[in-house]
2 protein chains.
Amino acid sequence: MRAEVATVVQNLVLERGYEETTVDDICATAEISRSTFFRYFPSKEEALFGESIDAGERLRDALTARPAGEAPWVAMRRALDALIEQYEAHDERTRRLTRLIVNTPSLAARHREKNARWQELLRPEIARRLGADPADDSDPRANAVIAAALGCVEAALAAWTANSQPQPLAKILDRAMQAPAHPR
Amino acid sequence: MRAEVATVVQNLVLERGYEETTVDDICATAEISRSTFFRYFPSKEEALFGESIDAGERLRDALTARPAGEAPWVAMRRALDALIEQYEAHDERTRRLTRLIVNTPSLAARHREKNARWQELLRPEIARRLGADPADDSDPRANAVIAAALGCVEAALAAWTANSQPQPLAKILDRAMQAPAHPR
DNA sequence: AGCATAAGTGGTACTGTGTCTCACAAATGC
DNA sequence: GCATTTGTGAGACACAGTACCACTTATGCT
């Protein structure tokens, strides 16, 4: 049922754009009331990409599963394979949706906001690998690694959705994450 | 005049928090009408940190001024000195404001949104240093370098505003930007 | 079966942001 | 002295999101 409404939202937004789709439109199409809509989803944004909320946990689990000695940046890259599969497993439709998210400022902002929430999840694990105190707020390194990596993911997603015949996302992300790390 | 209203906004927001400060409150305190407020600022958010819009241009200029052969990541770090000075030149009040922005999700999101707009400005210069085609949307490297660097800036700002007696921002950013690049 | 309780749904009113249009006043130009 | 621009205020409006209440339909219990 929730999924049903979510599909309606995706359809309408893909047709008409995000700002141009009102909650009333969605309710009319899905034949529910506004009350019901907001009981299922806390906001219009969440209705659009609310499925992948738990991706943060999956990412953290993938990260903890990496060998203990692995360098933070490398471990991050490997952990992100879990996320990548998520994206690539889906169909063309998901890629169009992703492109829409990346290109719509308010949606991109919400997307990054969700990423920001992942920081708290991933931070202890990265700090451990850095030999840093996770509770030390004056040490920016753990957050920096996470924010930088997620920035690379965003860049990779943008490149991935730009063309109709994209390269494998894993390959794109490899290039993206090598760019900051590489001395030249 | 614009600056006067902006000061009112900062005062109220620092006292009561962002969400708790309505536009009507601001208008009442500044003794203007809602119409006037929205003629000066496109939104409540912009009224809060609308002064630093041109920081993107400054950053780009600093970047182009760096030696041509310098590696992208290094050039980025050096160019960011211009931004850092901006932050550190101001008083304690600015730091409190920055902390508020970093800790308020909706404001942090808007802050990142502004950063995202910088990407387009910085992209040609970074692409040039990478030997990449700036118009090639399928090459994620330039955007990745920028997004990663700005992610580090965010992490550095968070660390900078966490303590009342912070280290120099330049030093914090150095640590932050070494973390992803460093192999270990 | 009959009844009570709970869960899902819809309706309505409200707050707050942001847009738009119109009216009015003050400054500027001729 | 008159016209045009520019700044300001006032009101109506669209939309997101919240709160509260009424109604219906299961579900459980005796």
Side-chain angles (χ1 to χ4, degrees), chain A residues 1-53 97 100-101 103-114 116-117, chain B residues 1-53 97 100-101 103-114 116-117:
Chain A
M1 174 63 175
R2 223 186 101 105
E4 203 174 314
V5 179
T7 305
V8 169
V9 176
Q10 290 175 8
N11 287 339
L12 288 182
V13 166
L14 277 177
E15 281 176 27
R16 301 142 73 150
Y18 180 72
E19 309 279 4
E20 291 72 25
T21 305
T22 72
V23 173
D24 285 332
D25 293 339
I26 297 166
C27 293
T29 309
E31 290 177 320
I32 56 173
S33 69
R34 279 172 50 85
S35 312
T36 304
F37 177 84
F38 281 112
R39 204 169 298 114
Y40 279 129
F41 304 99
S43 71
K44 200 171 68 161
E45 276 121 353
E46 289 305 309
L48 192 54
F49 48 64
E51 320 109 24
S52 58
I53 307 174
L97 220 46
L100 190 138
I101 290 173
N103 293 334
T104 305
S106 74
L107 288 178
R110 200 65 79 180
H111 188 247
R112 282 188 279 266
E113 201 175 324
K114 201 168 50 176
R117 250 172 276 141
Chain B
M1 175 63 176
R2 222 187 101 105
E4 203 174 312
V5 178
T7 305
V8 168
V9 176
Q10 290 176 8
N11 287 339
L12 288 182
V13 166
L14 277 178
E15 282 177 26
R16 301 140 75 147
Y18 180 72
E19 309 278 4
E20 290 72 25
T21 306
T22 72
V23 173
D24 284 333
D25 293 339
I26 297 166
C27 293
T29 309
E31 289 176 320
I32 57 173
S33 69
R34 279 173 48 87
S35 313
T36 304
F37 176 84
F38 281 112
R39 203 169 300 115
Y40 279 131
F41 305 99
S43 72
K44 200 170 71 161
E45 276 122 352
E46 288 304 310
L48 193 53
F49 47 64
E51 322 110 22
S52 58
I53 306 173
L97 220 45
L100 190 138
I101 290 172
N103 292 334
T104 305
S106 75
L107 288 179
R110 201 64 79 177
H111 188 248
R112 283 188 280 266
E113 201 176 324
K114 201 169 50 176
R117 251 171 277 142

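Letters A, B, ... mirror the listed sequences (proteins, then strands); counts begin at 1. For the numbers below, each heavy atom of this structure counts, side chains included, while hydrogens, waters and symmetry mates do not.
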TODO: Using a 4.0 Å heavy-atom cut-off, write out nucleotides 7-17 of chain C from 5' to 3' as B (base contacted by protein), S (sugar-phosphate only) or - (no contact).
DONE: --BBB----SB
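In this structure, the CD1 atom of A:I26 is 12 Å from the P atom of D:dC15, given to the nearest Å. Between the CZ atom of A:F41 and the C1' atom of D:dT18 there is a distance of 18 Å, rounded to whole Å. We find that CZ of A:R110 is positioned 12 Å from C1' of D:dG17, with the value rounded to whole Å.
One distance of note links CZ of A:R112 with CZ of B:R112; it measures 7.5 Å at 0.5 Å rounding. Distance CD/A:E113 to CD/B:E113: 10.5 Å, rounded to 0.5 Å.
Summarising the geometry of A:I26 relative to A:F37, their closest heavy-atom pair is CG2-CE1, 3.9 Å, with the distance given to 0.1 Å.
Annotation: salt bridge (charged side-chain N to carboxylate O under 4.0 Å, His left out) contacts involving residues 20-31 of chain B, sequence neighbours excluded, comprise B:R16-B:D25, B:D24-B:R34.
By the salt bridge (charged side-chain N to carboxylate O under 4.0 Å, His left out) test, B:E19 pairs with no residue at all, sequence neighbours left out.
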